Amino acid sequence: MGFVTKKMHAYLDYPVAVALIVLPFVLGLGDSNPLALQLSVITGIAAFILTVLTDHQLGIYRIVSYKGHLIVDALVGVVFVIAPFAFSFEGQDAYFYWINGAAVLAVVSLHKPEMAIHS
């Protein structure tokens with residue numbers, strides 16, 4: 001049974017996007033492949049834009065449905081888990097993606113379905 005609510009997810013989105021942009025520089029990612037740094041930064045920028053466009057509490061334009069947002073998150077999680085194998089990331093570069101991919105997939109899988117409101 002999921003416990004991550006739409007509101008909780010909304011409050012996680014912006015800090016996670018910023019972390020994906022900043023942490024690769026702080027951690028010095030890119031030793032095994034420069035793409036290890038670039039992929040995270042690009043994903044962080046895309047995640048920030050997606051959050052701005054998502055229909056949830058902190059979305060600004062609310063164009064993208066929350067369900068659509070969750071689908072994109074799940075795809076990012078899968079890409080992050082596969083990336084070290086596909087791009088030969090090693091060491092810290094690989095661990096960064098495996099840990100973040102697992103975290104994203106955990107949050108998506110622990111999503112609490114919204115109750116339908118009937119009037």
Side-chain angles (χ1 to χ4, degrees):
M1 179 126 208
F3 66 89
V4 178
T5 65
K6 183 177 179 180
K7 186 174 185 176
M8 289 168 62
H9 191 119
Y11 282 97
L12 289 171
D13 277 342
Y14 287 108
V16 167
V18 171
L20 287 172
I21 295 167
V22 173
L23 280 177
F25 296 102
V26 172
L27 297 173
L29 294 187
D31 284 344
S32 64
N33 183 335
L35 187 59
L37 183 140
Q38 298 162 356
L39 179 60
S40 182
V41 172
I42 292 166
T43 303
I45 293 167
F48 190 89
I49 293 167
L50 178 63
T51 300
V52 166
L53 298 176
T54 297
D55 183 17
H56 62 30
Q57 285 82 350
L58 298 179
I60 297 171
Y61 294 106
R62 300 181 183 198
I63 297 168
V64 177
S65 71
Y66 181 60
K67 182 178 181 180
H69 180 112
L70 288 174
I71 291 168
V72 171
D73 281 354
L75 291 172
V76 167
V78 170
V79 167
F80 274 23
V81 169
I82 294 170
F85 301 106
F87 302 117
S88 301
F89 296 168
E90 297 176 357
Q92 182 172 261
D93 292 348
Y95 294 128
F96 177 84
Y97 283 92
W98 287 326
I99 290 166
N100 279 296
V104 168
L105 292 172
V107 168
V108 171
S109 68
L110 294 172
H111 165 70
K112 181 177 182 177
E114 294 182 286
M115 302 293 280
I117 301 173
H118 300 286
S119 32

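Bear in mind the structure is a predicted one, so any value in this text is a computation, not a measurement.
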Hey, what do you get for [atom1] ([X]) to [atom2] ([Y]), rounding to the nearest 0.5 Å?
X: L23; Y: N100; atom1: CG; atom2: CG; answer: 7.5 Å
X: F87; Y: I82; atom1: CZ; atom2: CD1; answer: 10.0 Å
X: I60; Y: I49; atom1: CD1; atom2: CD1; answer: 11.5 Å

Less than 4.5 Å apart, side chain to side chain, heavy atoms only: is that true for [X] and [Y]?
X: T5; Y: Y11; value: no
X: S40; Y: L20; value: yes
X: D13; Y: L58; value: no
X: Y61; Y: L53; value: yes
X: P24; Y: V41; value: yes
X: H69; Y: T51; value: yes

Would you call the rings of F80 and Y97 parallel, tilted or perpendicular if under 30° counts as parallel and over 60° as perpendicular? perpendicular
Parallel, tilted or perpendicular, judged at 30° and 60°: which one describes the rings of H9 and H56? tilted
Heavy-atom pair of closest approach, residues [X] and [Y]:
X: D93; Y: S32; answer: OD2-OG, 2.7 Å
X: Y66; Y: H111; answer: CE2-CE1, 3.1 Å
X: Q57; Y: A10; answer: OE1-CB, 4.1 Å
X: V104; Y: D73; answer: CG1-O, 3.1 Å

Can you confirm whether more than 12 heavy atoms, excluding those of Y95, are under 6.0 Å from its OH atom? no
Test of understanding: clusters of I, L, V, M, F, W, Y form through side-chain heavy atoms closer than 4.5 Å, transitively. Do [X] and [Y] belong to the same one?
X: L29; Y: V16; answer: yes
X: V72; Y: V4; answer: no
X: M8; Y: V108; answer: no
X: V81; Y: L70; answer: no
X: L50; Y: V78; answer: no

Verdict with reasoning, W98 to F85, per side-chain contact (heavy atoms from CB on, under 4.5 Å): CA-CA 10 Å; W98 287 326; F85 301 106; 3.5 Å; yes
